[in-house]
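When a residue number appears, it is its place in the shown sequence, counting from 1.
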Amino acid sequence: MEFDKKYIAQILQNARKKKGLKQAQLAEIIGISEKHLSKIETGKNYPALDNFLKMIDVLDLSMKDFGIKSENELSEQKVYLQKIINTSSEKQLDIYVDMINTLQKYF
């Protein structure tokens, strides 16, 4: 999937403005020149991948904001369950597995 430079530029520029950042501020945070950021925001250049990832992090964007949905994207329920799993003891995990195995027999 190829994205138009102007499409990317508009999303980035709108997000920067919404965050109340000036181009100079965002450029400094990202580690690029203000001139280079200006070329990205006007659609003249694509951002390098590392800079793009820094920008979306700073601007609180995700790939969804660019219309990219990950096939591996988890539902809220799966994210919640992962959080429980990640914070559980081994004993708790054993109990959860037993419960799930029992429930799966009936559904």
Side-chain angles (χ1 to χ4, degrees):
M1 177 182 275
E2 187 172 321
F3 290 97
D4 181 74
K5 291 178 197 172
K6 298 266 184 200
Y7 176 74
I8 293 170
Q10 193 63 53
I11 294 170
L12 293 173
Q13 184 181 62
N14 289 343
R16 176 184 58 77
K17 289 178 179 179
K18 186 176 179 181
K19 288 281 274 191
L21 293 171
K22 298 196 178 298
Q23 276 188 341
Q25 292 171 306
L26 180 58
E28 184 178 338
I29 294 168
I30 302 304
I32 60 175
S33 71
E34 185 178 353
K35 184 176 181 178
H36 183 61
L37 180 58
S38 176
K39 287 183 180 182
I40 292 169
E41 285 192 356
T42 57
K44 292 178 182 165
N45 289 351
Y46 283 113
L49 181 58
D50 60 333
N51 293 332
F52 177 72
L53 295 174
K54 288 177 193 175
M55 281 188 237
I56 65 172
D57 183 49
V58 170
L59 299 173
D60 296 323
L61 295 171
S62 71
M63 296 308 282
K64 281 186 196 178
D65 295 305
F66 295 89
I68 300 170
K69 185 175 179 183
S70 170
E71 290 179 19
N72 298 328
E73 195 171 303
L74 299 176
S75 69
E76 287 181 37
Q77 292 165 324
K78 288 181 181 180
V79 170
Y80 177 69
L81 287 173
Q82 279 189 334
K83 186 176 181 180
I84 291 172
I85 290 167
N86 291 338
T87 58
S88 297
S89 68
E90 287 298 317
K91 185 174 181 175
Q92 288 172 316
L93 289 173
D94 289 339
I95 293 168
Y96 299 153
V97 168
D98 288 342
M99 289 172 61
I100 291 170
N101 286 333
T102 300
L103 288 170
Q104 285 183 328
K105 289 178 187 176
Y106 297 102
F107 294 100

- Residue pair Leu59, Leu21: steps toward the side chain to side chain contact (heavy atoms under 4.5 Å, CB included) verdict: CA-CA 9 Å; Leu59 299 173; Leu21 293 171; 4.2 Å; yes
Group every Ile, Leu, Val, Met, Phe, Trp and Tyr by side-chain heavy-atom contacts under 4.5 Å, then state whether [X] and [Y] land in the same group.
X: Leu61; Y: Leu49; result: yes
X: Met63; Y: Ile8; result: yes
X: Leu93; Y: Ile100; result: no

Specify the closest pair of heavy atoms between [X] and [Y], including all atoms of both residues, with the distance to one decimal.
X: Ala9; Y: Gly43; answer: CB-N, 3.5 Å
X: Lys6; Y: Thr42; answer: NZ-O, 3.1 Å
X: Glu41; Y: Leu26; answer: OE2-CD2, 4.5 Å
X: Tyr7; Y: Asp65; answer: OH-O, 4.1 Å

Spacing of [X] atom [atom1] and [Y] atom [atom2] [to the nearest 0.5 Å]:
X: Ser89; Y: Ile95; atom1: OG; atom2: CD1; value: 7.5 Å
X: Glu34; Y: Gln25; atom1: CD; atom2: CD; value: 10.0 Å
X: Ile11; Y: Met55; atom1: CD1; atom2: CE; value: 12.5 Å
X: Asn45; Y: His36; atom1: CG; atom2: NE2; value: 6.0 Å
X: Lys17; Y: Lys22; atom1: NZ; atom2: NZ; value: 10.5 Å
X: Gln92; Y: Ile84; atom1: CD; atom2: CD1; value: 10.0 Å

I'd like to know if the side chain of [X] reaches the main chain of [Y], judged simply by a donor and an acceptor atom lying under 3.5 Å from each other, with no hydrogens or angles considered.
X: Thr102; Y: Asp98; result: yes
X: Asn86; Y: Lys83; result: no
X: Asp57; Y: Leu53; result: no

- Query: Take atom NZ in Lys39; do more than 12 heavy atoms of anything else shown fall under 6.0 Å from it?
  - Reply: no
- Flag if over 12 foreign heavy atoms under 6.0 Å of OH, Tyr96: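 Enclosed: over 12 neighbouring heavy atoms sit under 6.0 Å from OH of Tyr96.
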- Should Gln13 and Arg16 be marked as a side chain to side chain contact (heavy atoms under 4.5 Å, CB included) after you check the CA-CA gap, both sets of side-chain angles, and the distance that decides it? CA-CA 5 Å; Gln13 184 181 62; Arg16 176 184 58 77; 3.9 Å; yes
- The residue among Ile56, Leu37, Ile40, Ile32 that forms side chain to side chain contact (heavy atoms under 4.5 Å, CB included) with Pro47 is Ile40
